[in-house]
Amino acid sequence: MINSQLTELLGIKYPVFQGGMAWISDANLAAAVSDAGGLGIIAAGNMPGDYVRGQIRRARELTDMPFGVNVMLMSPHADEVAGVVVEERVPVVTTGAGLPTAHMKRWIEAGIKVIPVVPSTGVAKMVERAGAAAVIAEGGESGGHVGDLTTMALVPQVADAVRIPVIAAGGIGDGRGVAAAFMLGAVGVQVGTRFLVAKECGVHQKYKDKILKAKDIDTIVTGRRLGHPVRALKTPFTREFYSKEYDSSISDEELEALGVGALRLAAVEGDEKRGSFLAGQIAGLVKSEQTAKEIIEEMMAEAEELLREAARWVR
Ligand code: TUI
């Protein structure tokens, strides 16, 4: 059993968060992960407040364990969702794709543990000052909206920069990643891509099949020109987007329009031509569909064994 500050802080069995993946992480997946002893997280993504409220209530019907909600700060509905998590008394809120400081006072006063994703030590220190309970240091190996630093470089620097617990994310898909994260100074991990193929994950089967087939070099980052770089599987769509990014005859507006609705097309329709299949670089390591419980238990048993045997490197 790996005990860490994180399991104690949140009252969970395993120090494993399931990433809040827009259009993917719903009440069903979050409840399965929480029931398995991790922290399931409902992704608000670009959804309106009432949808998120419905998902929170559904998760409560499915599990008695704590779960979280991820507030995607670039969403046009972010302010509304920020109110819903207070009204619904969600125990944990994670944030992504921006600075959550404007919402934090209200959340903390409501008793919510706020755990922002941070791409740098500067942002980590800022949210610590604003009262964050922990931070998720997410490296650019992750799927979706990415920062510049790698997990390897980011996690130890954030661990040195703040006193609150650090959760590592980006490129973690098995027990080796978990053990390495602990060595870098983290006390927990957040895992997205591997949970995407969980049996309880309702994403389109074509999306799962693409992850299961992916190799190490099969992801690409697009959107840098627009200021929001996003990692996804290489597909005709992402390759087209990538080439248009470097085409000065195409305006930012045209480029932006190209991406609208692409997450839904991938996750809900499994549209291999026009969908954007967000995935982390670790996709190449994800080889089987398992239940959330199997994923967590396998990962943690492997990590435990590695950490126990780590002394063999020292004489
Ligand atoms: O948020 C994520 N991953 C996401 S959000 C998303 S939905 C989306 N779709 C299209 C375009 C953009 C988003 C898909 N994947 N991960 C957490 C994350 N947060 N990564 C990076 C950051 C971040 C970046 C800057 C957090 C704070 C931050 O603050 C500095 C600033 O300048 O805002």
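Numbering of residues begins at 1 and proceeds along the displayed sequence. Both ligands and their constituent atoms are indexed starting at 1 by order of listing.
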Look at [atom] and say which protein heavy atom is nearest, naming residue and atom and giving the distance to 0.1 Å.
| atom | answer |
| --- | --- |
| atom 10 (C) of ligand 1 | Val230 CG2, 4.3 Å |
| atom 15 (N) of ligand 1 | His145 N, 3.0 Å |
| atom 25 (C) of ligand 1 | Pro119 CG, 3.6 Å |
| atom 9 (N) of ligand 1 | Leu263 CD1, 3.9 Å |
| atom 18 (C) of ligand 1 | Val117 CG1, 3.3 Å |

Protein heavy atoms: any of them under 4.0 Å from atom 5 (S) of ligand 1?
yes

Which of the atoms in ligand 1, numbered in the order shown and given with their element, are less than 4.0 Å from a heavy-atom of [X]?
| X | result |
| --- | --- |
| Leu99 | 29 (O), 30 (C), 33 (O) |
| Gly96 | 1 (O), 17 (C), 19 (N) |
| Leu278 | 14 (C) |
| Gly144 | 14 (C), 15 (N) |

Using heavy atoms and a threshold below 4.0 Å, how should the contact between Ala97 and ligand 1 be classified: side chain, backbone, both, or neither?
both

Using a 4.0 Å heavy-atom cut-off, say whether His228 meets ligand 1 through its side chain, its backbone, both or neither.
side chain

Nearest-option assignment for atom 16 (N) of ligand 1, heavy atoms, candidates Glu138, Met74, Met72
Glu138

Flag the pair [X] and [Y] as a salt bridge only when some basic side-chain nitrogen lies within less than 4.0 angstrom of an acidic carboxylate oxygen.
| X | Y | value |
| --- | --- | --- |
| Asp50 | Arg53 | yes |
| Arg57 | Glu61 | no |
| Lys293 | Asp35 | no |

Are His103 and Val71 close enough that some pair of their side-chain heavy atoms sits under 4.5 Å apart?
no

For [Y], does its backbone N or O pair with a side-chain atom of [X] as donor and acceptor, under 3.5 Å?
| X | Y | result |
| --- | --- | --- |
| Ser288 | Gln290 | no |
| Glu200 | Ala292 | yes |
| Glu80 | Pro48 | no |

Mind checking whether Gly98 has a heavy atom under 4.0 Å from ligand 1?
yes

Say whether Val118 and ligand 1 are in contact under the criterion: heavy-atom distance to a ligand atom below 4.0 Å.
no

In Å and rounded to the nearest 0.5 Å, what is the NE2 to CG distance from His145 to Leu278?
11.5 Å

Ignoring hydrogens, what is the shortest heavy-atom contact between Met72 and Ala78? Give both atom names and the distance.
O-CB, 3.8 Å

Are Thr222 and Glu245 close enough, and set up right, to give a side-chain hydrogen bond (donor to acceptor under 3.5 Å, both in side chains), and what steps lead you there?
CA-CA 8 Å; Thr222 60; Glu245 254 184 282; 4.8 Å; no

